[in-house]
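Remarks on the structure that follows.
Residue numbering restarts at 1 for every chain, and letters A, B, ... go by the order of the sequence lines.
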Amino acid sequence: MATAPFPPVIQQSPSQHSSYYNTTYPSSLLSCLPKCTSLKELKQIQAFTIKTHLQNDLQILTKLINSCTQNPTTASMDYAHQLFEAIPQPDIVLFNSMFRGYSRSNAPLKAISLFIKALNYNLLPDDYTFPSLLKACVVAKAFQQGKQLHCLAIKLGLNENPYVCPTLINMYAGSNDVDGAQRVFDEILEPCVVSYNAIITGYARSSRPNEALSLFRQLQARKLKPNDVTVLSVLSSCALLGALDLGKWIHEYVKKNGLDKYVKVNTALIDMYAKCGSLDGAISVFESMSLRDTQAWSAMIVAYAMHGQGQDVMSMFEEMARANVQPDEITFLGLLYACSHTGLVDEGFRYFYSMSEVYGIIPGIKHYGCMVDLLGRAGLLHEAYKFIDELPIKPTPILWRTLLSSCSSHGNLELAKQVMNQILELDDSHGGDYVILSNLCARAGKWEDVDTLRKLMIHKGAVKIPGCSSIEVDNVVHEFFSGDGVHYVSTALHRALDELVKELKSVGYVPDTSLVVHPDMEDEEKEITLRYHSEKLAISFGLLNTPPGTTIRVVKNLRVCGDCHSAAKLISSLIDREIILRDVQRFHHFKDGKCSCGDYW
DNA sequence: CTAGGGTTAG
């Protein structure tokens with residue numbers, strides 16, 4: 001009887017097994033506790049301990065608290081706190097359990113303040129203490145405390161502990177200090193997969209995919225086995241870089257090692273294929289999945305949206321509803337994004353309103369951003385201005401920036417100036433804004449304004465992000481910057497590019513020098529500036545280094561420039577190569593002299 | 001009582 005498992009409380013009503021409580025020994029109570037999940041059950045058990053005078057049994061109380069902190073809610077943590085407070089001299093194990101609960105229930109500050117109490121009790125933190133607390137520091141953005149914990153871990157000789165070390169790395173990475181994370185990582189003699197995962201994830205999330213991938217190669221060289229988490233971060237790095245070949249290799253690895261049973265891995269694969277320009281790859285992963293959660297559907301919806309397939313986005317959304325999967329805020333971002341990129345204003349507003357009214361999802365700043373883009377793209381510039389002006393939350397400079405680029409594409413200089421004033425009040429350090437407005441002024445021939453803006457930009461110390469395009473050849477990602485002369489093949493590459501431009505001109509290409517805003521530059525100089533744009537460098541690098549007939553895939557960090565866009569169209573027909581260019585906001589598939597965006601972007 | 005995670009407007 002004493003060893004009999006406690007009955008499964010969940011299925012029975014309390015009255016049925018209250019007699020059982022009375023005949024049970026504490027040991028079976030102990031073994032049943034971890035299986036009890038609901039607060040109601042736990043309270044029943046506590047009531048039982050009072051009846052049997054076991055309410056002060058430390059072992060039982062510890063188990064009770066552990067049950068509360070396993071999958072904690074605010075209520076179960078309050079209850080755990082009550083139990084905890086009644087214990088006269090809690091040990092570090094009990095504190096650890098509380099830390100776990102608080103950090104898992106999104107109450108990081110409570111974890112941190114409880115830790116101070118533990119220190120006041122003269123308790124020494126152990127290897128179980130640090131992971132929960134470091135996580136709490138990340139959530140609470142308490143980086144000072146995080147660093148103090150790091151020092152403490154060093155003092156206690158726990159900084160290289162296999163459980164502590166990854167969380168230390170993660171704490172720095174989560175504080176936007178990947179270099180700090182790298183320093184922790186460098187100090188480990190024999191990093192395990194988990195430590196590699198932490199640092200790779202840190203780089204991937206800080207948009208430093210190259211470093212992430214080189215650590216991934218290091219991991220492989222050390223004969224460590226990548227797991228599902230490794231694969232997630234590596235795939236997101238591939239997606240950032242547009243490294244399709246590596247992504248495909250990872251996909252093979254995933255299949256070979258049975259990692260495709262993880263829904264998250266498949267979702268990351270969908271995203272990777274979509275962002276590397278292979279919508280077909282994304283679709284085939286999606287269709288291979290036996291189980292699809294909200295995130296998987298969202299990733300597929302966003303994939304269609306990115307590739308400008310608005311109709312597929314809508315039908316996917318309907319199919320998702322038929323499959324009884326609830327949409328989330330990201331699903332709606334995909335929907336709104338698709339509407340704005342396909343010019344479906346009414347449809348967009350319908351989804352926007354249904355979000356909160358039907359699905360109870362409160363629109364966030366990114367949803368508002370889509371709506372501004374939706375109106376702006378459609379040329380409803382004043383409506384967009386009014387929309388931002390009447391928002392229930394304070395607009396970010398990004399929202400105004402969205403409208404600024406709509407003003408630019410619709411050539412509305414007057415409104416652009418007003419929008420620029422709004423931006424400058426919030427953030428005057430963004431070089432791109434000055435460039436957009438100054439280009440608009442230049443097109444209107446207002447050279448004094450161009451000059452004033454340039455001076456203002458220099459005065460504010462605003463810098464424009466340099467254009468950068470990358471292309472993957474033989475598993476190596478090559479990056480090119482506008483006017484790049486430092487790449488190791490630059491001379492051969494420049495000669496090839498000069499040759500290419502000559503050929504293009506023979507079939508009617510006229511460099512659009514009006515895009516180079518510089519009153520003092522000669523036309524010839526402008527043409528050279530235009531010729532060495534990063535996207536042209538990357539495309540001609542691809543032409544030189546990949547077999548004839550294969551698709552060229554280029555990724556650019558900014559919007560594609562108009563001249564490069566028309567050049568790419570001509571190249572696709574002249575050399576009979578498909579070019580897929582991913583710019584900062586969408587895909588351009590160049591084929592037979594045409595682009596999938598229909599020249600509207 | 002231990003860690004690491006994918007999808008997010010412009």
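Among the atoms of the strands shown, base atoms are found under 4.0 Å from some heavy atom of D127(A). Across all strands, T167(A) comes closer than 4.0 Å only to sugar-phosphate atoms, never to a base (heavy-atom distances). Here T267(A) lies in heavy-atom contact (under 4.0 Å) with a base. Looking at heavy-atom distances under 4.0 Å, I199(A) makes no contact with the nucleic acid at all. Using a 4.0 Å heavy-atom criterion, one finds that N227(A) contacts the bases of the nucleic acid, with or without backbone contacts as well. Using a 4.0 Å heavy-atom distance criterion, A239(A) is classed as making no nucleic acid contact. L269(A) comes within 4.0 angstrom of no nucleic acid atom, judged by non-hydrogen atoms across all strands.
For P166(A), whose side chain is taken as the heavy atoms from C-beta onward, the closest listed nucleotide among dA3(B), dG6(B), dA9(B) is dA3(B). The listed nucleotides are dG5(B), dT2(B), dG10(B); the one nearest the side chain of P131(A) is dT2(B). Listed candidates were dT2(B), dG10(B), dT7(B). Nearest to the side chain of Y128(A) is dT2(B). Of all nucleotides listed (dA9(B), dT7(B), dG5(B)), dA9(B) comes nearest to the side chain of C370(A). The side chain of K135(A) lies closest to dG4(B), out of dG10(B), dG6(B), dG4(B). Which of dG10(B), dT7(B), dG5(B) sits closest to the side chain of V229(A) comes down to dG5(B). Side-chain proximity of Y163(A) to dT8(B), dC1(B), dA3(B): nearest is dA3(B). Out of dT8(B), dG4(B), dG10(B), the shortest distance to the side chain of R559(A) is found at dG10(B). Minimum atom distance to the side chain of N197(A) is reached by dG4(B), of the listed dT8(B), dA9(B), dG4(B). Between dT8(B), dG6(B), dG10(B), one nucleotide has an atom nearer to the side chain of D373(A) than all others, and that is dG10(B).
Going from atom CD of Q182(A) over to atom P of dG4(B) covers 18 Å, rounded to whole Å. As a whole-Å value, the separation of L426(A) CG from dG10(B) C1' is 15 Å. The separation between F185(A) atom CZ and dG4(B) atom P is 16 Å, rounded to whole Å. For the pair L399(A) CG and dT8(B) P, the computed distance is 19 Å after rounding to whole Å. For the pair E160(A) CD and dT2(B) P, the computed distance is 23 Å after rounding to whole Å. Atom pair L240(A):CG and dT8(B):C1' shows a separation of 13 Å (rounding to whole Å applied). The distance from atom CD1 of I365(A) to atom P of dT8(B) is 18 Å, rounded to the nearest whole Å. When the P atom of dA9(B) is taken as reference, atom CZ of R377(A) falls 12 Å away, rounded to whole Å.
In this structure, R100(A) does not reach the dA3(B) phosphate: none of its side-chain N or O atoms is under 4.0 Å from OP1 or OP2. Contact check, H367(A) against dG10(B): no side-chain N or O comes under 4.0 Å of OP1 or OP2. Of the side-chain N and O atoms in R104(A), one or more sit less than 4.0 angstrom from OP1 or OP2 of dA3(B). Proximity of K275(A) to the phosphate of dT8(B): a side-chain N or O atom is located under 4.0 Å from OP1 or OP2. Using a 4.0 Å cut-off, some side-chain N or O of N170(A) falls inside it from OP1 or OP2 of dG4(B).
Partners of K135(A) by salt bridge (Lys or Arg N to Asp or Glu O under 4.0 Å), not counting sequence neighbours: none found.
Ion pairing of R208(A) with D179(A) is present here, as a side-chain N (NZ or NE/NH1/NH2) and a carboxylate O approach within less than 4.0 Å.
Remark: the T402(A) side chain and the dG10(B) base include no donor-acceptor N/O pair separated by less than 3.5 Å.
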Walk me through whether T62(A) and I65(A) qualify under side chain to side chain contact (heavy atoms under 4.5 Å, CB included). CA-CA 5 Å; T62(A) 306; I65(A) 289 174; 5.9 Å; no

Tell me, with the steps shown, if C165(A) and E160(A) meet side chain to side chain contact (heavy atoms under 4.5 Å, CB included). CA-CA 5 Å; C165(A) 184; E160(A) 286 192 36; 5.6 Å; no

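Aromatic pair F317(A)/F332(A): ring centres closer than 6.0 Å.
For R183(A) and Y172(A), the positive end is not near the middle of the six-membered ring at less than 6.0 Å and at most 45° from its axis.
Between the CD atom in Q295(A) and the CE atom in M300(A) there is a gap of 15.5 Å [rounded to 0.5 Å].
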